[in-house]
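Below you'll find the structure, written out as structure tokens, and then a few comments.
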Amino acid sequence: MGDLHHGRGYKAYRRKRAALRRRTEREGLVCGQGGNYGCGNPFDLTIPYPDPMSFSADHDEALSNGGHLTKQDLIPMHLGCNSRKGDAAEVEIWEAS
């Protein structure tokens, strides 16, 4: 995929991440709100990166699983929760026939 931090679209991603952080502060969003993962706890936006409880923006569909850097909504998530999620994909359960 190339270097994420210098690849095409990274500036747009940074703008989206900054907008999500402002929205999180304004609306009091919690970790994982709007997605399928996260602890559900609030953010302390004064905690600096790389503390596990610092703010991060998650791609609901991991980039390594085909998600797009800028064409999907970002989910507010603690850095530690985002790291634990990794590139986990939602599991589908099929009923036996």
Side-chain angles (χ1 to χ4, degrees):
M1 174 168 60
D3 186 3
L4 172 67
H5 298 289
H6 299 289
R8 204 170 114 195
Y10 185 67
K11 286 183 181 180
Y13 163 74
R14 287 180 42 198
R15 284 191 301 273
K16 283 184 77 165
R17 183 181 64 199
L20 178 62
R21 184 183 174 98
R22 289 189 303 273
R23 182 173 167 233
T24 298
E25 183 172 26
R26 185 176 63 248
E27 298 177 18
L29 301 180
V30 297
C31 179
Q33 189 164 340
N36 298 317
Y37 300 91
C39 67
N41 290 318
F43 291 94
D44 176 349
L45 295 173
T46 65
I47 298 174
Y49 175 88
D51 188 285
M53 293 302 287
S54 65
F55 175 86
S56 75
D58 178 58
H59 290 88
D60 204 29
E61 183 177 352
L63 301 179
S64 61
N65 291 338
H68 192 274
L69 181 63
T70 58
K71 292 183 181 176
Q72 60 178 314
D73 290 334
L74 297 175
I75 308 298
M77 200 172 282
H78 293 116
L79 183 62
C81 295
N82 197 346
S83 295
R84 280 189 295 281
K85 177 197 169 212
D87 61 359
E90 224 177 296
V91 177
E92 289 186 41
I93 300 174
W94 294 80
E95 187 176 320
S97 52

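All residue numbers refer to positions in the sequence shown, counting from 1. Any value given below was found using the heavy atoms of this structure, including those in side chains, with hydrogens, waters and symmetry copies removed.
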### Query
Just wondering, do Glu25 and Arg22 contact through their side chains at under 4.5 Å, heavy atoms?
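The answer is no; the side chains never approach within 4.5 Å.
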#### Entry: Side-chain touch Asn82/Ile75, heavy atoms, less than 4.5 angstrom
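Not in contact.
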## Note on the structure
Closest non-hydrogen contact found for Arg17 with Phe55 is O-CE2, 4.1 Å
#### Entry: Smallest separation among heavy atoms of Cys31 and Cys39, with atom names
SG-N, 3.5 Å
Check for a donor-acceptor pair, side chain of [X] on one end and backbone N or O of [Y] on the other, with a separation under 3.5 Å.
{"X": "Ser54", "Y": "Pro50", "answer": "no"}
{"X": "Lys85", "Y": "Asn36", "answer": "no"}
{"X": "Gln33", "Y": "Val30", "answer": "yes"}
{"X": "Arg21", "Y": "Ala57", "answer": "no"}

First locate atom [atom1] of [X], then atom [atom2] of [Y], and finally report the distance between them rounded to the nearest 0.5 Å.
{"X": "Asp73", "Y": "His59", "atom1": "CG", "atom2": "NE2", "answer": "10.5 Å"}
{"X": "Thr24", "Y": "Met77", "atom1": "OG1", "atom2": "CE", "answer": "11.5 Å"}
{"X": "Leu20", "Y": "Ser56", "atom1": "CG", "atom2": "OG", "answer": "9.0 Å"}

### Task
Could I get the full list of side chain to side chain contact (heavy atoms under 4.5 Å, CB included) partners for Arg15, not counting sequence neighbours?
Lys11, Ala12
### Message
Check for me whether the distance between the ring centres of His78 and Phe43 falls short of 6.0 Å.
### Response
yes
### Query
Passes side chain to side chain contact (heavy atoms under 4.5 Å, CB included), Tyr49 versus Leu79? Steps please.
CA-CA 8 Å; Tyr49 175 88; Leu79 183 62; 3.6 Å; yes
### Task
Mind checking salt bridge (charged side-chain N to carboxylate O under 4.0 Å, His left out) for Arg23 and listing every partner two or more places apart, or none if nothing turns up?
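With sequence neighbours excluded, Arg23 shows a salt bridge (charged side-chain N to carboxylate O under 4.0 Å, His left out) to Glu27, given in chain and number order.
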### Query
Quick one: do Leu45 and Met53 end up in the same hydrophobic cluster if we chain Ile, Leu, Val, Met, Phe, Trp and Tyr together by side-chain heavy atoms under 4.5 Å apart?
no
